[in-house]
Amino acid sequence: MNNLIRALELPPEDVQYISNDIHETVEKTIIPIIKSLNDGIETDEEIAEKTGIKLNIVRKMLYKLYDLRIANYKRSKDPETQWFTYSWKFEENELISRIKKDSEAELAELNKELNAEEENMFFVCPYGHVRFNFDTAADPYYEFLCPACGEELEYQDNTEIIENIKREIEIVEGNYNSFLKKIKKS
């Protein structure tokens with residue numbers, strides 16, 4: 001999520017709005033649907049009835065869970081009505097596997113970023129156009145000049161960036177370890 005936010009370069013108020021919207025969607029739709037599946041309710045109609053969520057939204061969420069491979073279905077035909085019924089099943093092991101994989105990938109990426117920040121000196125354009133490590137800034141092509149505006153690049157103290165990455169690693173590790181403990185208990 002943080003990589004997405006960084007890539008989009010969203011202002012903090014937009015990030016908070018999007019984050020709140022995602023949490024609200026998860027709390028009001030996806031979690032009740034997954035709980036229903038875990039409670040043994042199998043059909044989309046039964047889930048809609050139990051949760052009070054509109055049938056088309058239940059179906060949409062089930063198909064999204066299916067696309068993520070954390071839900072599966074079996075299709076059967078009613079011999080009298082000739083209508084198809086879909087019986088859904090939540091794939092808890094797939095979700096656990098996916099969370100582990102995503103968490104480990106995020107930690108690897110953060111550690112890679114941390115290593116790059118700790119092992120390099122950085123130079124930035126005073127107007128924010130570029131940020132280069134020493135080797136790139138010193139390259140004869142750049143000669144410590146910004147390729148966008150021609151201004152001389154300035155040394156950047158990246159101590160705060162390093163501290164932010166370390167805090168982010170602690171948060172992700174803490175969440176991951178807490179998740180692993182909960183899995184072992186169940």
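As the structure is a computational prediction, the values presented were derived from the model and not from experiment.
Phe123 belongs to a hydrophobic cluster with Met121, Val130, Phe132, Phe134, Tyr141, Tyr142, Phe144, Leu153, Tyr155, counting contacts under 4.5 Å between side-chain heavy atoms of Ile, Leu, Val, Met, Phe, Trp and Tyr, direct or through other members.
Using cut-offs of 30° and 60° on the angle between ring planes, the pair Trp88 and Tyr73 is tilted.
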| task | Apply the test side-chain contact (heavy atoms from CB on, under 4.5 Å) to residues Leu114 and Lys166: give CA-CA distance (whole Å), side-chain angles for both, the deciding distance (0.1 Å), then the verdict. | result | CA-CA 7 Å; Leu114 179 61; Lys166 286 180 179 178; 4.0 Å; yes

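Applying the side chain to side chain donor-acceptor pair (under 3.5 Å) test to Lys54 and every residue at least two apart in sequence or in another chain returns nothing. Under the rule for a salt bridge (Lys or Arg N to Asp or Glu O under 4.0 Å), the partners of Asp39 that lie at least two apart in sequence or sit in another chain are Lys50. In this view, Glu160 satisfies the side chain to side chain donor-acceptor pair (under 3.5 Å) rule with no residue, not counting sequence neighbours.
Between the side chain of Asp78 and the main chain of Thr81, a donor-acceptor pair closer than 3.5 Å is present. A donor-acceptor pair under 3.5 Å is absent between the side-chain atoms of Ser178 and the main chain of Gly174, judged by distance alone. With hydrogens and angles disregarded, no donor-acceptor distance shorter than 3.5 Å links the side chain of Ser97 to the backbone of Asn93.
Using modelled atom types and a 3.5 Å distance limit, the side chains of Tyr176 and Glu106 yield no donor-acceptor pair.
From Asn111, atom CG reaches atom CD of Glu118 across 9.5 Å, with rounding to the nearest 0.5 Å. How far CZ of Phe84 is from OG of Ser76: 9.0 Å, rounded to the nearest 0.5 Å. Between the OG1 atom of Thr136 and the CG atom of Asn120 there is a distance of 8.5 Å, given to the nearest 0.5 Å. Rounded to the nearest 0.5 angstrom, Lys112 NZ and Leu110 CG are separated by 11.5 Å. Here the OG1-CD1 distance, from Thr51 to Ile41, works out to 8.5 Å after rounding to the nearest 0.5 Å. The CD1 atom of Ile33 lies 11.5 Å from the NZ atom of Lys60; values are rounded to the nearest 0.5 Å.
Residues in residues 131-141 take part in these salt bridge (charged side-chain N to carboxylate O under 4.0 Å, His left out) pairs, two or more places apart or across chains: Glu117-Arg131.
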Report all side-chain donor-acceptor pairs from residues 61-72 shorter than 3.5 Å, counting only partners two or more places apart or in another chain.
| residue | atom | partner | partner atom | Å |
| --- | --- | --- | --- | --- |
| Asn72 | ND2 | Glu91 | OE2 | 3.2 |

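Within 6.0 Å of CD in Glu49 there are 12 or fewer heavy atoms belonging to other residues, nucleotides or ligands. No more than 12 heavy-atom neighbours from other residues, nucleotides or ligands sit within 6.0 angstrom of CD on Glu152.
Leu55 is not connected to Ile31 by any chain of hydrophobic side-chain contacts under 4.5 Å among Ile, Leu, Val, Met, Phe, Trp and Tyr, and they are in different clusters. Linking Ile, Leu, Val, Met, Phe, Trp and Tyr residues whenever their side-chain heavy atoms come within less than 4.5 Å places Ile34 and Phe179 in a single cluster.
Of the charged side-chain nitrogens involved, at least one lies within less than 4.0 Å of a carboxylate oxygen, so that Arg59 and Glu45 count as a salt-bridged pair.
In terms of heavy atoms, Leu37 sits closest to Lys89 at CD2-N, 4.3 Å.
Between Gln156 and Ile161 the shortest side-chain heavy-atom distance falls below 4.5 Å. Residues Ile47 and Ile53 have side chains not in contact (no heavy-atom distance under 4.5 Å, counting atoms from C-beta outward). Between Tyr86 and Glu42, every side-chain heavy-atom pair lies at or beyond the 4.5 Å cut-off.
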